[in-house]
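A, B, ... follow the sequence lines: proteins, then strands. Residue 1 opens every chain.
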Amino acid sequence: MEKYLQNQVIEAIAVILNRVKESGELRLDTIPTVVVEPPKRPEWGDFSSSVAMTLASHVRQPPLKVAELLATGLRVQYADVFVSVNVAPPGFLNLTLHPLRWVQVLRMIQDRGPLYGTSNIGKRKRILLEFVSANPTGPLHVGHGRGAALGQALARLLASVGFMVSREFYINDAGRQLQLLGRSVYARYREHWEKPTSFPEDGYHGDYIKIVAESVAKTHGPSLLDASLDEAETLCAQLASQMLLDRIKEDLATFGVEFDSWFSEKCLHTAGLIQQSLDELRQKRLLIEENGAWWFRSSEFGDEKDRVAQKQDGSYTYLAADIAYHRQKLERGFDTLINIWGADHHGYIPRMEATVQAFGFAKEALRIVLVQMVSLRRGGQKIEMSKRAGEFVTLREVIDEVGPDAAKFFFLMRRADTHLDFDLELAKQQSSDNPVYYVQYAHARLASLFRVAQERQVPLPTVQGVDQALLIQDEELGLIKTLAQYPFVVESSAMALEPHRVTFYLQELAAQLHAYYNKNRVLPSVDPERNAGDMGANIKSGASENTAALSQERIYESIPPDLTAARLALLRQVQTVIGNGLAILGISAPDKM
RNA sequence: GCGCCUGUAGCUCAGUGGAUAGAGCACUUGCCUCCGGAGCAAGGGGCCACAGGUUCAAAUCCUGUCAGGCGCACCA
């Protein structure tokens with residue numbers, strides 16, 4: 001595969017570094033990793049490197065001198081690559097490529113299409129990405145939505161840089177919460193049959209519990225009233241959790257979030273995996289008895305204190321199940337486990353890191369992404385939610401109101417570890433205020449351009465088939481440079497587990513596209529007289545003040561066929577990249593809106 | 001009390017140790033006889049919470065202080 005321009009530049013610098021090392025001009029033990037990036041200001045060149053400054057102290061020479069040494073080498077050996085190699089204080093190496101080099105980028109996008117931006121830096125290592133994992137005790141709320149959007153984007157990101165990603169939903173279908181669900185539903189069930197009942201103090205209060213209870217009443221009639229309390233509640237818990245899980249699956253499907261596996265906590269118990277895991281820890285003396293309870297010695301691995309895994313009464317804590325679950329995940333052969341958790345679970349991290357290490361894996365085998373809370377707003381007004389009273393805005397309601405695309409985009413607009421203000425009013429708006437439409441519109445606008453081109457029988461050329469000189473004028477070059485950055489955005493975004501970088505990139509690219517498109521006509525005018533292109537050629541309305549005749553009526557730019565061809569070829573690649581980026585976020589790239 | 005996250009423009013937020021800190025919204029002023037105006041151009045707005053330190057170089061790393069959020073169970 002052809003190398004990215006940026007990497008070609010890095011290699012060139014490395015070659016020169018190697019040469020000055022061999023020649024003894026710089027006393028280097030090893031060649032350092034060369035960092036090259038586009039500078040903040042375009043006038044500084046296409047790429048900048050700070051390598052001379054990081055090197056300066058090692059070789060005991062002033063940075064400017066080191067930079068100058070490298071610059072000289074680059075000028076001589078890579079005269080065909082760079083138009084200019086400059087040194088700027090305090091020691092920056094500023095490089096400008098020969099403009100024609102940039103055409104490579106367009107060719108690569110054209111060749112790779114939807115694969116542009118993918119790579120194999122993940123080396124097919126296996127990742128288990130666990131996210132959402134909501135208790136089947138109620139519908140998904142907005143917070144789960146953020147986790148879901150983040151998870152699916154992360155899965156695509158990691159897959160696109162060459163990891164083998166498996167997406168898993170851990171179902172908490174055992175334990176106290178489920179018991180509470182059963183009791184809550186059974187209480188409502190009794191109310192349905194007008195039997196005396198007291199609603200559990202810490203039970204689930206949401207209206208959906210009544211709906212579930214009604215449904216149980218319908219399918220089972222009054223038969224549960226005769227059963228023992230324990231039996232009835234267990235059955236209610238089972239029926240309710242199944243119904244609620246189905247509902248969760250439905251909501252996720254509507255949201256466009258898929259999983260490869262659904263892992264049931266219950267099966268950890270029934271398969272004896274918890275017992276097994278604890279036995280193994282006991283053997284390693286990492287599980288010890290004290291005051292009748294069994295303690296996991298997580299403090300051995302940096303947790304602030306040890307934690308109970310098996311209670312005095314012999315029952316397991318939630319931690320025990322999680323220990324077994326994580327051991328089981330590691331034993332399935334994954335190289336890395338990634339968990340997406342709500343930020344309120346952060347205190348739990350040291351425990352799980354200890355677990356991973358207790359079973360002989362590196363601490364780094366587990367990466368946890370914390371997701372901060374979402375506050376919903378409606379036109380600036382905060383929507384209060386109370387879990388206690390069962391009043392919270394569900395993910396379903398949000399999707400129904402703003403649509404899955406806008407919801408995903410908004411969830412992915414912010415870094416995961418900052419609070420998110422989600423304005424429903426804004427997300428719903430179909431205007432430039434709404435960043436989702438802004439990006440999607442860029443894609444649709446280009447699709448429309450190509451539709452019209454086809455209607456008018458303007459041929460759609462390949463990058464190779466157009467006059468390259470027309471592709472590399474300032475404005476075009478600006479777009480191309482942004483397109484060239486895309487693979488690096490994907491890569492850094494994936495490695496940092498931060499999909500929001502892609503979101504920002506897309507807004508930037510869309511803005512650049514809109515600006516370009518607004519300024520530059522692509523297709524020739526339909527009116528042949530307008531396109532005659534005599535003296536009025538290339539003069540636009542704004543520049544016509546000095547000519548009385550021209551100020552009266554707008555003069556249209558005439559577009560020669562080769563310019564149309566070049567611009568079409570360029571814009572096709574822009575459309576591809578916008579499409580690829582949206583695909584990673586799991587957002588549709590419409591041809592019409 | 002201890003721990004984690006966050007303090008950047010009026011608001012919501014970007015900003016992989018690098019050069020003169022950015023975007024959107026809001027506000028002001030302009031731009032459609034043509035490829036989608038769901039668009040574009042221009043303008044004002046900053047002690048990067050504060051104080052020290054590390055470094056050739058700090059919004060970014062370290063320490064402390066202050067402010068906000070969230071956790072600190074033999075709950076899940």
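- Here, B:rU8 and B:rA23 have their C1' atoms 13 Å apart, quoted to the whole Å.
- B:rC27 and B:rC11: their C1' atoms are spaced 12 Å apart (whole Å).
- Pair assignment for B:rG24: B:rC11, on the basis of Watson-Crick or G-U wobble contacts that are both within less than 3.5 Å.
- One P atom belongs to B:rU16, the other to B:rU60, and the distance between them is 12 Å to the nearest Å.
- Ring-plane geometry between A:H141 and A:H144 is classed as tilted, the angle between the planes lying from 30 to 60 degrees on a 0 to 90 degree scale.
- Taking the ring centre of A:F296 as origin, the terminal cationic atom of A:R351 falls outside the region bounded by 6.0 Å and 45° from the ring axis.
- Across B:rG15 and B:rA59, the matching C1' atoms stand 8 Å from one another, rounded to whole Å.
- A salt bridge does not link A:R282 with A:E289: none of the charged nitrogens is closer than 4.0 Å to a carboxylate oxygen.
- Of the candidates B:rC70, B:rA19, B:rU6, the closest approach to any side-chain atom of A:N94 belongs to B:rA19.
- The side chain of A:K311 places an N or O atom within less than 4.0 Å of a non-bridging phosphate oxygen (OP1 or OP2) of B:rC75.
- Put simply, CD on A:E498 is 14 Å from P on B:rC5, counting in whole angstrom units.
- Dashed line: the shortest gap from a side-chain N or O of A:R377 to OP1 or OP2 of B:rC11 is not under 4.0 Å.
- The phosphate of B:rA23 has neither OP1 nor OP2 within less than 4.0 Å of any side-chain N or O from A:Y438.
- At the heavy-atom level, A:R414 lies under 4.0 Å from base atoms of the strands shown.
- Looking at heavy-atom distances under 4.0 Å, A:Q177 makes contact with sugar-phosphate atoms alone, never a base.
- Note on A:T54: a base of the nucleic acid sits closer than 4.0 angstrom, heavy atoms only.
- No side-chain donor-acceptor contact under 3.5 Å links A:R297 to the backbone of A:S299.
- Closest contact between the side chain of A:R521 and the listed nucleotides B:rC35, B:rG39, B:rC13 involves B:rC35.
- Ring stacking holds between A:W44 and B:rA19, with the centres under 5.5 Å apart and the planes within 30 degrees of each other.
- Nucleotide B:rC47 is shown with an anti base, its glycosidic torsion being more than 90° from 0.
- Separating the CD atom of A:E353 from the P atom of B:rC4 is a distance of 12 Å, rounded to the nearest angstrom.
- Ring geometry for A:F263 versus A:Y325: interplanar angle of 30 to 60°, hence tilted.
- Nearest nucleotide to the side chain of A:K40, out of B:rA19, B:rC74, B:rU6: B:rA19.
- Using a 4.0 Å heavy-atom distance criterion, A:V452 is classed as a sugar-phosphate-only contact.
- Taking only side-chain nitrogens and oxygens, A:R415 comes nearer than 4.0 Å to OP1 or OP2 of B:rU6.
- Across all strands shown, A:E508 has no heavy atoms under 4.0 Å from either base or sugar-phosphate atoms.
- Place A:D591 and A:R307 on RNA chain B by their nearest nucleotides, and A:D591 ends up nearer the 5' end.
- A donor and an acceptor atom never sit less than 3.5 Å apart when one is taken from the side chain of A:D322 and the other from the base of B:rA76.
- Here B:rC13 is the nucleotide among B:rG71, B:rC13, B:rG69 with the atom lying nearest to any side-chain atom of A:D421.
- Nucleotides B:rA76 and B:rG71, compared at atom C1', are 14 Å apart to the nearest Å.
- On the P atoms, B:rC62 is 15 Å away from B:rG3, given to the nearest whole Å.
- The separation of B:rG18 from B:rC61, taken at their P atoms, amounts to 11 Å, rounded to a whole angstrom.
- Checking side-chain atoms of A:S493 against main-chain N and O of A:E498 turns up a donor-acceptor pair under 3.5 Å.
- A donor-acceptor contact under 3.5 Å is formed by the side chain of A:H346 with the base of B:rC70.
- In this structure, B:rG1 forms a base pair with B:rC72, meeting either the Watson-Crick or the G-U wobble geometry with both donor-acceptor distances under 3.5 Å.
- Among the atoms of the strands shown, base atoms are found under 4.0 Å from some heavy atom of A:N291.
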Run the side chain to side chain donor-acceptor pair (under 3.5 Å) check on A:R176 and A:Q179 step by step: do they pass? CA-CA 5 Å; A:R176 216 181 86 86; A:Q179 213 175 16; 5.9 Å; no
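- Checking B:rC40, B:rA76, B:rC13 against the side-chain heavy atoms of A:A515 singles out B:rC40 as nearest.
- Which of B:rA76, B:rG37, B:rC13 sits closest to the side chain of A:Y441 comes down to B:rG37.
- Residue-nucleotide stacking is present for A:F92 and B:rA19, judged by a side-chain ring centre under 5.5 Å from the six-membered base ring centre and planes under 30° apart.
- Annotation for A:Q238: atom CD does not count as buried by contact number, only 12 or fewer foreign heavy atoms lying within 6.0 Å.
- Using cut-offs of 30° and 60° for the angle between ring planes, the A:Y348 and A:H345 rings count as perpendicular.
- Nearest-nucleotide assignment on RNA chain B puts the 5′-proximal partner with A:P39, out of A:S57 and A:P39.
- By the stacking rule of 5.5 Å between ring centres and under 30° between planes, A:Y517 stacks on the base of B:rC35.
- For B:rA57, its base never sits under 3.5 Å from the side chain of A:S50 at any donor and acceptor pair.
- In this structure, A:S448 reaches the bases: a heavy-atom distance under 4.0 Å links it to at least one base atom across the strands shown.
- As rounded to whole Å, 11 Å separates atom C1' of B:rC75 from atom NE2 of A:H345.
- Here B:rG39 sits opposite B:rC31 as a Watson-Crick or G-U wobble pair (both hydrogen-bonding atom distances under 3.5 Å).
- The base of B:rU20 is paired with the side chain of A:R41 by a donor and an acceptor separated by under 3.5 Å.
- If you take atom P in B:rC48 and the same atom in B:rG7, they sit 14 Å apart, rounded to whole Å.
- Remark: the backbone N or O of A:K305 is paired with a side-chain donor or acceptor of A:S298 at under 3.5 angstrom.
- Taking atom CZ on A:F488 and atom P on B:rG15, their separation rounds to 19 Å, with Å as the unit.
- With a cut-off of 3.5 Å on both pairing distances, the Watson-Crick or G-U wobble partner of B:rA67 is B:rU6.
- When distances run from any side-chain atom of A:M53 to the nucleotides B:rG18, B:rC35, B:rC75, the shortest one goes to B:rG18.
- The shortest distance between the side-chain N/O atoms of A:R445 and the OP1/OP2 oxygens of B:rG37 is below 4.0 Å.
- One finds a side-chain N or O of A:T418 lying less than 4.0 angstrom from the OP1 or OP2 phosphate oxygen of B:rA14.
- Considering only the side chain of A:H500, B:rG15 comes nearest among B:rU16, B:rG69, B:rG15.
- Residue A:N518 places its side chain closer to B:rC40 than to any other of B:rC40, B:rA76, B:rC35.
- Taking atom CZ of residue A:F296 and atom P of nucleotide B:rA73, one finds them 18 Å apart after rounding to whole Å.
- When distances run from any side-chain atom of A:D417 to the nucleotides B:rC5, B:rC35, B:rC70, the shortest one goes to B:rC5.
- With a cut-off of 3.5 Å on both Watson-Crick or G-U wobble distances, the partner of B:rC61 is given as B:rG53.
- Using a 4.0 Å heavy-atom distance criterion, A:P63 is classed as making no nucleic acid contact.
- Counting non-hydrogen atoms under 4.0 angstrom, A:D344 reaches the backbone sugars and phosphates but no base.
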